[in-house]
Amino acid sequence: MKLFKIRNFGNDKECDTIEELEQSLQAYRGKSVSILVRPPQRLVYTVFVDVSASGELSESYGQKRTMRLADLLNASAGYKAGRQGPGTAPDLPAAAPTAKGRPRIL
């Protein structure tokens with residue numbers, strides 16, 4: 001299995017490197033795609049991105065922030081660059097112990 005897979009309604013492409021991914025995304029300009037990231041010995045995760053006509057990437061949902069392909073690698077390595085990025089866990093409510101000592105979601 002390759003590290004990245006671009007998915008777009010059956011028009012899929014697999015890539016081994018970030019450079020290959022960058023080149024392959026040029027074919028998807030003006031479209032929304034999903035990128036599956038398969039880090040070695042980690043969980044597979046999906047990032048939904050819009051590829052602009054100029055080739056820039058932005059989040060398809062949420063704040064629609066501009067993103068860099070390096071963010072995909074950082075997230076796959078477990079690095080959180082000061083904000084929630086692709087592949088990082090969302091901010092979850094803290095767990096507090098109950099009377100029986102079991103955690104309770106606040």
Side-chain angles (χ1 to χ4, degrees):
M1 291 183 142
K2 300 203 177 195
L3 181 60
F4 302 105
K5 182 175 185 177
I6 304 168
R7 299 186 70 188
N8 178 261
F9 300 103
N11 185 16
D12 302 348
K13 170 83 173 149
E14 292 190 351
C15 307
D16 277 324
T17 64
I18 200 81
E19 292 82 15
E20 186 180 354
L21 177 63
E22 186 173 20
Q23 287 179 335
S24 298
L25 283 169
Q26 299 309 310
Y28 298 94
R29 287 181 177 205
K31 298 182 180 177
S32 295
V33 300
S34 61
I35 301 173
L36 274 69
V37 183
R38 296 183 183 113
Q41 299 163 1
R42 294 183 61 114
L43 293 175
V44 175
Y45 63 90
T46 304
V47 179
F48 297 93
V49 299
D50 296 327
V51 184
S52 71
S54 64
E56 291 184 4
L57 301 179
S58 62
E59 298 171 329
S60 292
Y61 302 102
Q63 297 179 8
K64 300 193 179 261
R65 294 177 286 214
T66 301
M67 58 185 300
R68 301 170 307 154
L69 291 177
D71 292 340
L72 295 175
L73 290 180
N74 291 339
S76 69
Y79 173 72
K80 188 170 179 179
R83 67 169 180 84
Q84 183 168 326
T88 59
D91 294 328
L92 298 175
T98 63
K100 294 183 179 181
R102 293 187 210 129
R104 173 176 58 89
I105 302 296
L106 299 175

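As the structure is a computational prediction, the values presented were derived from the model and not from experiment. Atoms considered below: every heavy atom in the structure, side chains included; atoms not considered: hydrogens, waters and symmetry mates.
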Pair L3-T17, side chain to side chain contact (heavy atoms under 4.5 Å, CB included): steps then yes or no: CA-CA 7 Å; L3 181 60; T17 64; over 6 Å; no
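- Under a hydrophobic clustering in which Ile, Leu, Val, Met, Phe, Trp and Tyr are joined whenever their side-chain heavy atoms come within less than 4.5 Å, directly or via other members, I35 and I18 fall into the same cluster.
- Taking CZ from R29 and OG from S54, the interatomic distance works out to 7.0 Å, rounded to the nearest 0.5 Å.
- Contact of the D12 side chain with the R7 side chain is registered, since non-hydrogen atoms from C-beta on lie closer than 4.5 Å.
- Atoms CG and CG, on L69 and L25 in that order, are 6.0 Å from each other to the nearest 0.5 Å.
- In terms of modelled atom types and a separation under 3.5 Å, the side chain of S58 and the main chain of T66 share no donor-acceptor contact.
- Taken to the nearest 0.5 Å, the CG atom of L21 stands 10.0 Å off from the CD atom of Q26.
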Residue pair M67, V47: steps toward the side chain to side chain contact (heavy atoms under 4.5 Å, CB included) verdict: CA-CA 11 Å; M67 58 185 300; V47 179; 3.8 Å; yes
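- Through direct or relayed side-chain contacts under 4.5 Å between Ile, Leu, Val, Met, Phe, Trp and Tyr, L43 connects to no other residue.
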Check against side chain to side chain contact (heavy atoms under 4.5 Å, CB included), V37 and V44: CA-CA 6 Å; V37 183; V44 175; over 6 Å; no
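- Taking every heavy atom of both residues into account, Y28 and N11 meet most closely at OH-O, 2.7 Å.
- Among residues two or more places apart in sequence or in another chain, the salt bridge (Lys or Arg N to Asp or Glu O under 4.0 Å) test is passed with K2 by D16.
- For R38, the salt bridge (Lys or Arg N to Asp or Glu O under 4.0 Å) criterion is met by E14, not counting sequence neighbours.
- Between S34 and T46, the closest heavy-atom pair is CB-CG2, 3.8 Å.
- Using a 4.5 Å heavy-atom cutoff, the side chains of L57 and V51 are in contact.
- Across every non-hydrogen atom of I6 and C15, the tightest pair is CD1-SG, 4.4 Å.
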